[in-house]
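Data block below; observations after.
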2 protein chains.
Amino acid sequence: MLSKSAEYALRATIYIALKGSEDNKLGIDEIATAIDSPQSFTAKILQLLTKNNGVVSSVRGPNGGFYLTDAARKLPVRAVLEAVGEDGIITKCVLGLKECSESRPCPMHEQYRYIKAQLRQMFEKTTIQDLANESGKGKIVINNRQIKTK
Amino acid sequence: MLSKSAEYALRATIYIALKGSEDNKLGIDEIATAIDSPQSFTAKILQLLTKNNGVVSSVRGPNGGFYLTDAARKLPVRAVLEAVGEDGIITKCVLGLKECSESRPCPMHEQYRYIKAQLRQMFEKTTIQDLANESGKGKIVINNRQIKTK
DNA sequence: ATAAATAAAGACTATTTTATCTTTTTTCAA
DNA sequence: TTGAAAAAAGATAAAATAGTCTTTATTTAT
Ligand code: FES
Ligand code: FES
């Protein structure tokens with residue numbers, strides 16, 4: 001479905017939205033641990049997210065780290081996918097034809113178009129903050145470990 | 001979305017369903033040309049489809065080639081995905097968590113579950129023959145070339 | 001029986017994706 | 001103004017996917 005890069009990008013962004021802020025920046029070690037992802041690889045992905053679409057903000061040095069601006073929180077989830085070059089899921093043909101269109105539909109197009117429209121809707125209408133809110137709820141999880149009993 | 005293997009597998013299967021039969025078996029060269037796929041690689045994929053789930057049938061030697069049995073035509077499209085090990089699209093978590101369940105949902109689960117259900121429905125309720133029928137209609141295409149003006 | 005046609009099998013190569021490690025730059029605090 | 005903390009940048013490595021090529025086995029027709 002999505003690449004590892006996209007999965008880590010989404011999980012990391014959600015975690016930063018949930019736990020970080022301009023005066024509580026999060027370090028790469030904390031983030032990678034929190035979302036069960038390889039640290040150095042996640043660092044690369046966060047670089048992409050800071051460079052593209054302004055999804056994530058960062059500052060270096062002591063007390064530096066990653067956080068989201070208020071504007072970033074309002075971005076659609078699609079902005080995260082785009083930042084890591086993974087929005088093909090809502091643009092491409094399910095059978096891999098070079099274009100997906102009504103004028104040259106593949107045999108699955110008629111059925112898939114509705115699903116594709118819903119995927120697009122989901123990724124475009126949902127904001128990063130929406131996911132963070134969701135994530136704040138009771139049993140919602142973002143990693144592969146046991147639910148925190150706290 | 002899907003791997004190249006899965007895309008070629010679907011396109012090849014549809015083409016064989018459409019043009020082949022027990023007494024008109026299709027050669028790998030014809031198939032690969034018809035669906036715009038790399039020939040040797042497509043051959044490998046057809047091997048998988050003949051070994052797994054009985055999706056495709058084949059015979060070697062002169063007048064040999066690939067075709068679909070009547071039983072195969074009635075298989076759900078999912079059988080093709082399974083045969084190439086690509087049914088994760090209807091089983092896995094969109095954020096890459098190890099399990100997707102109501103008891104440990106990720107922040108996108110609530111929204112994605114409906115889409116996932118529709119994907120499953122599409123791949124399980126649609127048969128290979130259904131796609132071939134679709135493909136027989138006017139403008140439906142299965143490769144990247146111009147529409148045959150005939 | 002032999003030769004030709006064909007898929008199957010296996011070995012190999014190339015490319016992309018995933019992941020790690022090292023060095024550099026920036027920032028802050030002492 | 002120096003040292004440490006952090007991300008950025010860059011180089012490298014490993015693994016997975018995509019793709020090719022060669023050899024073998026099977027089948028058919030002569
Ligand atoms: S053309 Fe294949 S999904 Fe639209
Ligand atoms: S848990 Fe993520 S989609 Fe179900």
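Below, chains carry the letters A, B, ... as their sequence lines are ordered, and counting in each starts from 1. Quick note: numbers below take in every heavy atom, side chains included, and nothing from hydrogens, waters or symmetry partners.
If you measure from atom CZ of B:F41 to atom P of D:dG19, you get 5 Å, rounded to the nearest angstrom. Between A:L49 atom CG and D:dA7 atom P there is a gap of 14 Å when expressed in whole angstrom units. One atom, CD of A:E30, and another, P of D:dA5, lie 17 Å apart when rounded to the nearest Å. The nearest whole Å value for the distance from the CD atom in B:E86 to the C1' atom in D:dT17 is 10 Å. Atom P of nucleotide D:dA9 and atom CD1 of A:I45 are separated by 16 Å, given to the nearest angstrom. One atom, CG of B:L48, and another, P of C:dA8, lie 11 Å apart when rounded to the nearest Å. Regarding A:K51, its NZ atom lies at a distance of 16 Å from the P atom of D:dA7, rounded to whole Å. Rounding to whole angstrom units, NZ of residue A:K25 and P of D:dA6 are separated by 11 Å.
Contact annotation for B:L46: no contact, since no heavy-atom pair falls under 4.0 Å across all strands. Here B:L26 lies in heavy-atom contact (under 4.0 Å) with sugar-phosphate atoms only. Note on A:I31: nothing from the nucleic acid sits closer than 4.0 angstrom, heavy atoms only.
Checking C:dG10, C:dA8, C:dT18 against the side-chain heavy atoms of A:K4 singles out C:dT18 as nearest. If you check D:dG10, D:dT20, D:dA6 against the side chain of B:P38, the one that comes closest is D:dT20. Of all nucleotides listed (C:dA4, D:dA7, C:dA7), C:dA7 comes nearest to the side chain of B:S58. Distance from the side chain of B:S40 is smallest to D:dC21 among C:dT18, C:dC21, D:dC21. Nearest nucleotide to the A:R60 side chain, out of C:dT26, C:dA9, C:dA7: C:dT26.
Of the residues near DNA chain C, A:L2 and A:V59, the one whose nearest nucleotide (by heavy atom distance) lies more toward the 5' end is A:L2. Two residues, A:Q47 and A:N63, neighbour DNA chain D, and the one matched to the more 5' nucleotide by heavy-atom proximity is A:N63. Toward the 5′ end of DNA chain C lies the nearest nucleotide of B:G65, the other residue of the pair A:T42 and B:G65 mapping further downstream. For A:K44 and A:F66, each mapped to the nucleotide of DNA chain D holding its nearest heavy atom, the one lying further toward the 5' end belongs to A:F66.
Dense packing is recorded around NZ of B:K25, with more than 12 heavy atoms of other residues, nucleotides or ligands lying under 6.0 Å away.
Remark: of the listed residues A:L49, A:V55, A:V56, A:V55 is the sole one forming a side-chain contact (heavy atoms from CB on, under 4.5 Å) with A:N53.
With rounding to the nearest 0.5 angstrom, the CE atom of A:M108 is 5.5 Å from the CG atom of B:L131.
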Query - side-chain hydrogen bond (donor to acceptor under 3.5 Å, both in side chains) between A:S37 and A:T42, worked out - result: CA-CA 7 Å; A:S37 66; A:T42 307; 2.6 Å; yes
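In this structure, B:R78 contributes its side chain and B:D87 its backbone to no donor-acceptor pair below 3.5 Å.
Side-chain nitrogen and oxygen atoms of A:Y8 include at least one within less than 4.0 Å of the OP1 or OP2 phosphate oxygen of C:dA19. The phosphate of D:dA7 (OP1 or OP2) has no side-chain N or O of A:T50 nearer than 4.0 angstrom.
Judged purely by distance below 3.5 Å, without hydrogens or angles, the side chains of A:S5 and A:E86 never pair a donor atom with an acceptor atom.
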